[in-house]
A.B. asks: 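Quick one: this structure, given as structure tokens, is what I'll be asking you about.
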2 protein chains.
Amino acid sequence: MPRRADHAARRATIVEALWRVLARHGIAEVSVRTVAAEAGMSPTAMRYYFPTRDDLLATAMTHTLERGTARVRPLLEAARDRAGVERVYLEMLPTDEAQRTEQEVYLAFAGLARTSPRLQEISEDAGVRIRRVARVAVEILQASGELDPGVPPGAAARCLDSLVQGLTFQSATWPAAFDAERIRRTLRDFLDGICVSPPDRSGPGRP
Amino acid sequence: MPRRADHAARRATIVEALWRVLARHGIAEVSVRTVAAEAGMSPTAMRYYFPTRDDLLATAMTHTLERGTARVRPLLEAARDRAGVERVYLEMLPTDEAQRTEQEVYLAFAGLARTSPRLQEISEDAGVRIRRVARVAVEILQASGELDPGVPPGAAARCLDSLVQGLTFQSATWPAAFDAERIRRTLRDFLDGICVSPPDRSGPGRP
DNA sequence: TAGTTTGTGGTACAGCCGTGCTAGGACGCG
DNA sequence: CGCGTCCTAGCACGGCTGTACCACAAACTA
């Protein structure tokens with residue numbers, strides 16, 4: 001064993017092991033021992049990097065949040081129109097297997113948040129960030145002129161936000177009914193409802 | 001102790017004790033012993049009515065679902081217009097303390113469902129019922145002529161359903177940000193978006 | 001080479017978990 | 001009265017939990 005281990009790397013592998021256990025067996029199976037076994041080390045070795053279980057969970061939750069932010073932020077900054085907004089939310093919603101896992105982890109943490117003040121705080125932060133995405137998305141639609149002028153922007157942002165959270169929850173709870181196709185469709189349904197019809201791509205628009 | 005206890009009543013008090021523990025301390029604190037203590041009896045006495053923990057959870061989940069159905073069904077059958085639909089969903093959403101508790105219980109069960117096949121089955125059933133409510137609600141809006149003709153009914157139902165689930169989840173996760181007022185407002189926002197403007201109650205409508 | 005730091009494994013402890021077992025009290029029926 | 005059924009309480013068991021403690025190997029420092 002080398003004298004100096006790469007702490008960041010070790011912590012990352014442990015967090016990833018926790019993700020795997022969480023996604024596979026649910027939060028109830030996440031214990032110091034199961035995660036350590038998944039990471040291929042002894043519980044004591046793990047405790048060297050995460051002294052308590054709370055540390056482990058808080059760090060894992062923070063990592064999850066930051067990973068999501070890192071993936072979504074560039075898409076959000078690049079978005080200029082409805083298509084860009086759709087790309088943002090397709091990245092946040094469980095539309096492929098990796099996303100599904102990540103959203104399940106997210107929901108498990110959300111459910112766990114009421115347990116510990118630290119997790120509560122992180123969850124609070126996540127909520128603020130997610131709501132901000134919806135507001136910015138609607139601003140983008142406004143700037144591109146695609147938002148229906150009859151729709152109040154605040155209302156659109158609130159609805160979009162709740163709709164997306166609902167889809168995430170439903171996909172985790174009833175995966176058979178809420179597959180990727182249905183998620184994409186529902187998102188499009190909603191955007192259709194708040195956007196004006198596109199400026200005539202092919203063929204005649206409506207009179 | 002009387003020779004014959006009222007089984008139904010005993011089971012009901014136990015289920016209610018479980019609800020209280022669940023709402024107060026979260027699912028992690030729900031054990032045979034804590035629920036028995038909350039119900040004021042010994043764990044063994046409780047085990048007479050619910051042989052295993054799984055029985056207890058499955059029964060509690062079924063009771064929760066049926067209680068909700070019993071409360072919502074008459075409202076749904078009585079609903080004839082948008083106001084009626086709003087009443088239905090205000091009864092389903094956590095707009096008062098009792099509803100909040102019930103929705104927290106519901107979410108905890110949803111998260112727990114992946115644990116046991118029985119709970120999975122009950123959750124599946126709940127999902128079907130909830131989706132049915134959204135479909136019927138949109139049919140009512142259609143029948144009353146309030147649904148905007150430009151909005152596809154299927155899309156409206158899907159969005160309404162996901163929106164409501166999202167509000168429920170958000171209210172449980174971020175209670176400070178999603179209070180009853182915000183829930184009512186968001187529901188109204190969405191219905192405004194899919195309904196035609198009402199036939200001029202007071203003052204001039206839009207030109 | 002000697003010593004200190006850094007990382008790791010094994011073991012142990014108290015506490016909670018679900019559940020099985022056993023004994024006995026309270027009542028209805030004969 | 002006495003028997004049998006219904007209900008309740010206590011206890012014990014194996015297993016899992018988080019965490020503390022201790023011994024030890026590897027590598028850098030002097």
Side-chain angles (χ1 to χ4, degrees), chain A residues 1-18 20-22 24-61 108-109 111-119, chain B residues 1-18 20-22 24-61 108-109 111-119:
Chain A
M1 303 86 180
R3 192 180 167 233
R4 294 216 164 260
D6 185 339
H7 276 223
R10 283 258 195 253
R11 290 167 72 94
T13 60
I14 294 169
V15 166
E16 280 161 27
L18 180 125
R20 285 196 298 275
V21 175
L22 190 49
R24 199 162 354 116
H25 303 298
I27 190 69
E29 295 296 318
V30 171
S31 76
V32 175
R33 292 188 229 280
T34 54
V35 173
E38 178 75 27
M41 58 178 66
S42 84
T44 320
M46 202 174 81
R47 238 174 78 79
Y48 185 78
Y49 300 97
F50 298 102
T52 74
R53 183 175 188 262
D54 214 58
D55 289 321
L56 174 59
L57 289 175
T59 306
M61 192 166 172
F109 278 135
L112 209 58
R114 57 162 45 229
T115 300
S116 123
R118 278 176 74 181
L119 296 185
Chain B
M1 304 88 175
R3 194 178 165 234
R4 295 216 165 260
D6 185 340
H7 277 225
R10 282 256 196 254
R11 290 167 71 94
T13 60
I14 293 169
V15 166
E16 280 161 28
L18 183 136
R20 285 197 299 274
V21 174
L22 190 48
R24 200 164 352 119
H25 304 297
I27 190 68
E29 295 296 317
V30 171
S31 76
V32 175
R33 293 191 228 284
T34 55
V35 173
E38 178 73 27
M41 59 178 67
S42 83
T44 321
M46 202 175 82
R47 244 171 66 80
Y48 185 80
Y49 302 97
F50 298 103
T52 74
R53 183 176 189 259
D54 213 59
D55 288 322
L56 175 58
L57 289 175
T59 306
M61 191 165 174
F109 278 135
L112 209 59
R114 58 162 45 225
T115 300
S116 124
R118 278 176 75 183
L119 295 185

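Proteins come first, then strands; the chains are lettered A, B, ... in the order of their sequence lines, and each starts at number 1. Excluded from the calculations below are hydrogen atoms, water molecules and symmetry mates; all remaining heavy atoms, backbone and side chain alike, are included.
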A.B. asks: Expressed in angstrom and rounded to an integer, what is the separation of A/Met46 atom CE from C/dG10 atom C1'?
C.D. replies: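 Spelled out: CE on A/Met46 to C1' on C/dG10 is 16 Å.
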
A.B. asks: According to a strict under-4.0 Å criterion, is B/Ser42 in side-chain N/O contact with OP1 or OP2 of D/dT8?
C.D. replies: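 The answer is no; no side-chain N or O of B/Ser42 sits under 4.0 Å from OP1 or OP2.
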
A.B. asks: For a quick test of reading the model: is some side-chain N or O of A/His7 closer than 4.0 Å to OP1 or OP2 of C/dT6?
C.D. replies: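 For A/His7, the contact criterion (side-chain N or O under 4.0 Å from OP1 or OP2 of C/dT6) is not met.
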
A.B. asks: Take atom CZ of A/Arg53 and atom C1' of D/dT19, then tell me their distance rounded to the nearest Å.
C.D. replies: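 Between C1' of D/dT19 and CZ of A/Arg53: 13 Å.
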
A.B. asks: Supply the atom-to-atom distance B/Arg47 CZ to B/Ser42 OG, rounded to the nearest 0.5 angstrom.
C.D. replies: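 Separation between the atoms: 10.5 Å.
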
A.B. asks: Looking at B/Arg10, I'd like to know whether one of its side-chain N or O atoms comes within less than 4.0 Å of OP1 or OP2 on D/dT8.
C.D. replies: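 Yes.
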
A.B. asks: Using whole Å, report how far NE2 of A/His25 lies from P of D/dC16.
C.D. replies: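 The answer, rounded to whole Å, is 14 Å.
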
A.B. asks: Let me know the distance between CG of B/Asp6 and C1' of D/dC6, rounded to the nearest Å.
C.D. replies: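 After rounding, the gap between these two atoms is 14 Å.
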
A.B. asks: What contact category does B/Tyr49 fall into here, base, sugar-phosphate, or nothing, at under 4.0 angstrom with non-hydrogen atoms?
C.D. replies: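 Sugar-phosphate, no base atom in range.
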
A.B. asks: C/dC17 P sits how many Å from B/Leu57 CG, rounded?
C.D. replies: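 Atom-to-atom, B/Leu57 to C/dC17, this comes out as 13 Å.
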
A.B. asks: Between A/Thr44 and A/Tyr48, just flag the one whose closest nucleotide in DNA chain C comes earlier from the 5' side.
C.D. replies: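 First, find each residue's nearest nucleotide; the 5'-ward one identifies A/Tyr48.
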
A.B. asks: Measure from CE on B/Met41 to P on D/dG10 and round the result to the nearest Å.
C.D. replies: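 That distance rounds to 14 Å.
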
A.B. asks: For B/Ile27 and B/Leu112, which heavy atoms make the closest approach, and how far apart are they?
C.D. replies: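 Shortest heavy-atom contact: CD1-CD2, 3.6 Å.
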
A.B. asks: Any chance you could measure B/Arg11, atom CZ, to B/Phe50, atom CZ, to the nearest 0.5 Å?
C.D. replies: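 Output value for this atom pair is 4.0 Å.
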
A.B. asks: To the nearest 0.5 Å, how far apart are CD in A/Glu38 and CG in A/Leu18?
C.D. replies: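 These two atoms lie 9.5 Å from each other.
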
A.B. asks: Check this for me: does any side-chain nitrogen of one of B/Arg24 and B/Glu29 sit under 4.0 Å from a carboxylate oxygen of the other?
C.D. replies: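 No, no charged N to carboxylate O under 4.0 Å.
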
A.B. asks: Between A/Arg47 and A/Glu29, just flag the one whose closest nucleotide in DNA chain D comes earlier from the 5' side.
C.D. replies: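 Its nearest nucleotide lies further toward 5', so the answer is A/Glu29.
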
A.B. asks: Does a side-chain N or O of B/Arg33 approach OP1 or OP2 of C/dC17 to a distance below 4.0 Å, or not?
C.D. replies: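 For C/dC17, OP1/OP2 do have a side-chain N/O of B/Arg33 under 4.0 Å.
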
A.B. asks: Given D/dC7, C/dG18, D/dT19, which nucleotide is nearest the side-chain atoms of A/Thr52?
C.D. replies: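 From the listed options, D/dT19 comes nearest.
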
